[in-house]
Protein chains: 2
Amino acid sequence: MLDALGRHGIPIRATAQGSSERNISVVVRSSEADRAIRYIHNEFFDRSPLKDINLFITGYGTVGKALVDIIRRNGDAVAARTGKRLRIAGIADSRRYVLDPEGIAPERAGELLAQGLSAADDAWTEALAHTSLENSVFVDCTASADIACRYASLFRHGYSVVACNKIAFSAPLAQYRALRKAALESGAGLRYETTVGAALPVLESVASCVCSGDRIHRVEAVLSGTLNYIFSTYDGGKSVTFAEVVRQAVEKGYAEPDPRIDLSGRDVLRKLLILGREAGAALEEGDVEAEPLLPQEYFRGSVEDFYKALEDNEKSFAEQFLQAASRGLRLRFVASLERVPLSGDESSGASPCRWKARIALEALSPEHPLYSLEGTDNTVILTTDFYPSPLVIRGAGAGAYQTASGVLNDILK
Amino acid sequence: MLDALGRHGIPIRATAQGSSERNISVVVRSSEADRAIRYIHNEFFDRSPLKDINLFITGYGTVGKALVDIIRRNGDAVAARTGKRLRIAGIADSRRYVLDPEGIAPERAGELLAQGLSAADDAWTEALAHTSLENSVFVDCTASADIACRYASLFRHGYSVVACNKIAFSAPLAQYRALRKAALESGAGLRYETTVGAALPVLESVASCVCSGDRIHRVEAVLSGTLNYIFSTYDGGKSVTFAEVVRQAVEKGYAEPDPRIDLSGRDVLRKLLILGREAGAALEEGDVEAEPLLPQEYFRGSVEDFYKALEDNEKSFAEQFLQAASRGLRLRFVASLERVPLSGDESSGASPCRWKARIALEALSPEHPLYSLEGTDNTVILTTDFYPSPLVIRGAGAGAYQTASGVLNDILK
């Protein structure tokens, strides 16, 4: 009973309990008596086995919308299956926010957000700090550095965080560690499976290896569906030029409208950082040996300049492709992580080692498991003590519904 | 404060709180005053961010021992990483049990168990019913039907259950459903990822699909490392007979000492049932179309009779192999599940369907992702709305440390 009152912020002025242990009396402000009675009634008589999970969703773009849509269509089924009732208690985009502790109907989410309060001047985070609900999860579906900075403060206000935003986890190591520490110390959840390979269970598998004292020897991965599409579609200029393949990727929605974001390899670099840190590697961005796909000068100027540069250099792309093809090899953009033991003592899982992290375009032979990878799929290959024949996870590593599904999975954990 | 006392079972005879809201008094039995003070002190001043997870491990065979060993070697690292301190509060095998709410040192587990109390007459479950610790997880590392029957009663006593024991989940559907319902209603956790493919994230991926309203169209899987070893090693009698391959599998520890357990296909059938039910299919054992690998008469008599029967029938094994090989195919023992829509309306994820479940030896072409599967690996291939190019999970699907690692992962969720 005291729990129920405390949870809803009703101060108790005095209590008394008789020696019979059969009654307990509390004194509350008369203006709060009605609410108090309701909460106490719910506590004792509304023993629904359902646990409400209050979601505060930031970012209402493709992923945020897909998540709200999944909750609309499947919320009841999730509740029946897991005992967790997903309640959207707040939504924000970069301009507005709407907050309703009683729950926002998913089908009205867009409309209510459009009529919401201004999110300027941190009003949204201020509002969150003053909202105190049980089982509150802050869901970051943005790519914003500003939002990423707020996780630690949200932990202190009782929020767990589920993010598909990569910024906080690919930040400088000290910042990343401070964030994990803050989550641990406040007892808050912090999950971000979708930052690497969307809903594919990649980080989870790495974490499971580490927790069980298994020793990871090598990780090899294709972490960009866009780049995989480009390199598995390009045929050395026979039917299509490299610039045309890139244009296709943009048209099909596989690449960002500005394809340089994908072709710079920066996205893959971030994912490898996150994956490596999950594996226990103290990696900074500068520790990753990155062979740029294209020279720096390609990235100056406009998008059209970029396509022009690609066209001008078709000959060198074709050469690279044909050189590999003539040896029976295929080009794949591979992110890899290798454990290099520092001492001769290999008996303990905790033996000192350093990690070699690398992203580069590699020419792979048919025996390599990444050789046959087509389309926009991602693949992660983990070689460990327990998995000498590696653990392989493969599938779509991007997409609004795939990512939202992974976010939901993180929320339900 | 009242929480702390309640949790440790100290009855409060009377309470009083002054109107200043600065003090609260409670009356407890004088014999319990010391304990009460200690618990209250811990509650307010020992705010260690670590949460104790109390484990009651049943079954101290290869998996149970591996789990205890992992906790011994890696418990501190797990605590530092996850904030969860794993404490072994009880261990039992079929003969004895040992219980210590203060925690059993993992390095002494075997020794203490050997000196433990007799587990006859349900003494172990009786003892569990009278042990009330927070965050109690009952870990079933047995293959016992007796133990599987007790989960529901354990839920009522506040235990969550993590099992690698397949019995409860491949039981008749009504029993399986009652168990899931009991877990939901009591708010207890019930996890059994390792019943299919050991630590491979198979059930989790299926559950994630279902929760996000994704629609599973097809599951194809090799769920027996033993059978995969046998069929990927057998070469039609060129270098080795079928009976010899089976003997090798037993010698290498891939198959049970009585290889008929694996060759009957019963283990795969159970795994497919569990996987199918996780996908939402209301499957009974009899609904699975099972093509037996070997005629029923092979399974009568002794193990030696069985080997004799295999030897006598080498010709038919060789024929089957060569027939497939001559068409460029390889034999794999495949478990599959297919969604068959019942109506024309395919727009909603919940549209009515029936499920076709099947286990059979299939001859696969090189294009099939299971064609290249060698050794004792398992593979699960999920084709869904979100994963038209399927989600593939591959790796060791058995082994003491792999399974224990998956059990640990379930415990930490």
Side-chain angles (χ1 to χ4, degrees), chain A residues 2-3 11-19 21 24 27 49 51 70 73-74 77-78 81-83 184-187 199-201 204-205 207-214 348-350 374-377 382 385-387 389-396 399 401-402 404-406 408-409 412-413, chain B residues 2-3 11-19 21 24 27 49 51 70 73-74 77-78 81-83 184-187 199-201 204-205 207-214 348-350 374-377 382 385-387 389-396 399 401-402 404-406 408-409 412-413:
Chain A
L2 301 174
D3 253 14
I12 298 168
R13 315 302 296 267
T15 70
Q17 184 189 342
S19 66
E21 297 184 29
I24 182 162
V27 177
K51 183 168 142 188
I70 286 175
R73 289 190 294 140
N74 228 41
V78 168
R81 187 182 172 101
T82 65
L184 262 186
E185 286 179 355
S186 63
L200 300 180
E204 155 114 36
S205 295
S208 170
C209 280
V210 175
C211 280
S212 61
D214 190 6
S348 138
E374 300 286 344
T376 58
D377 274 1
L382 296 175
D385 276 349
F386 296 172
Y387 294 95
S389 163
L391 173 62
V392 181
I393 299 162
R394 171 174 169 173
Y401 276 86
Q402 288 85 342
S405 143
L408 179 69
N409 203 25
L412 292 172
K413 260 177 207 156
Chain B
L2 300 175
D3 252 14
I12 298 167
R13 315 301 297 266
T15 71
Q17 185 190 343
S19 66
E21 296 185 31
I24 181 162
V27 177
K51 182 166 143 189
I70 287 175
R73 287 191 294 140
N74 228 42
V78 169
R81 187 183 172 102
T82 65
L184 262 185
E185 286 180 355
S186 62
L200 300 179
E204 155 116 33
S205 296
S208 169
C209 280
V210 175
C211 280
S212 61
D214 190 5
S348 136
E374 300 286 343
T376 58
D377 275 1
L382 296 174
D385 276 350
F386 296 172
Y387 294 94
S389 162
L391 173 61
V392 180
I393 299 162
R394 171 174 171 173
Y401 276 85
Q402 289 85 344
S405 142
L408 180 69
N409 203 25
L412 292 173
K413 260 176 207 155

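Per chain, numbering begins at 1; letters A, B, ... match sequence-line order.
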Ranked by heavy-atom pairs below 4.5 Å to chain B, first place among A/Gly395, A/Ala396, A/Cys211 goes to A/Cys211
Under a 4.5 Å cutoff for heavy-atom pairs, which residue among B/Gly187, B/Gly399, B/Pro390 has the most contacts with chain A? B/Pro390
With a 4.5 Å cut-off on heavy-atom pairs, point out which of B/Ile393, B/Ile70, B/Asn74 contacts chain A the most. B/Asn74
Checking A/Leu184 against chain B: side chain, backbone, both or neither under 4.5 Å from a heavy atom? both
Which residues share a side-chain hydrogen bond (donor to acceptor under 3.5 Å, both in side chains) with B/Thr82, sequence neighbours left out: none
Part of B/Ala77 within contact of chain A (heavy atom distance under 4.5 Å): neither
Distance in Å, A/Asp377 CG paired with B/Tyr387 OH, rounded so as to fall on 0.5 Å steps: 9.5 Å
Quick check on B/Val210 against chain A: is it the side chain, the backbone, both or neither that has a heavy atom closer than 4.5 Å? both
Distance from A/Ser389 atom OG to B/Glu374 atom CD, nearest 0.5 Å? 9.5 Å
Most heavy-atom pairs under 4.5 Å with chain A, out of B/Leu382, B/Thr376, B/Leu408, belong to B/Leu408
Check each atom of A/Ala199 against the heavy atoms of chain B and say whether the ones under 4.5 Å are side chain, backbone, both or neither. both
If only side-chain N and O atoms count, and only distance matters, is there a donor-acceptor pair under 3.5 Å linking A/Asn409 with B/Glu204? yes
Quick one: list whatever passes side-chain hydrogen bond (donor to acceptor under 3.5 Å, both in side chains) with A/Ser205, sequence neighbours left out. none
Distance col, row B/Leu412:CG vs A/Ser208:OG, nearest 0.5 angstrom, shows 8.5 Å
Which one wins on heavy-atom pair count under 4.5 Å against chain B: A/Val27, A/Leu391, A/Val78, A/Val392? A/Val392
Go through it in stages, so that I can follow the logic: the residues are A/Ser405 and B/Cys209, the test is side chain to side chain contact (heavy atoms under 4.5 Å, CB included), and I'd like the CA-CA distance, side-chain angles, deciding distance and then a yes or no. CA-CA 7 Å; A/Ser405 143; B/Cys209 280; over 6 Å; no
Under 4.5 Å from a heavy atom of chain A, the part of B/Ile24 involved: side chain
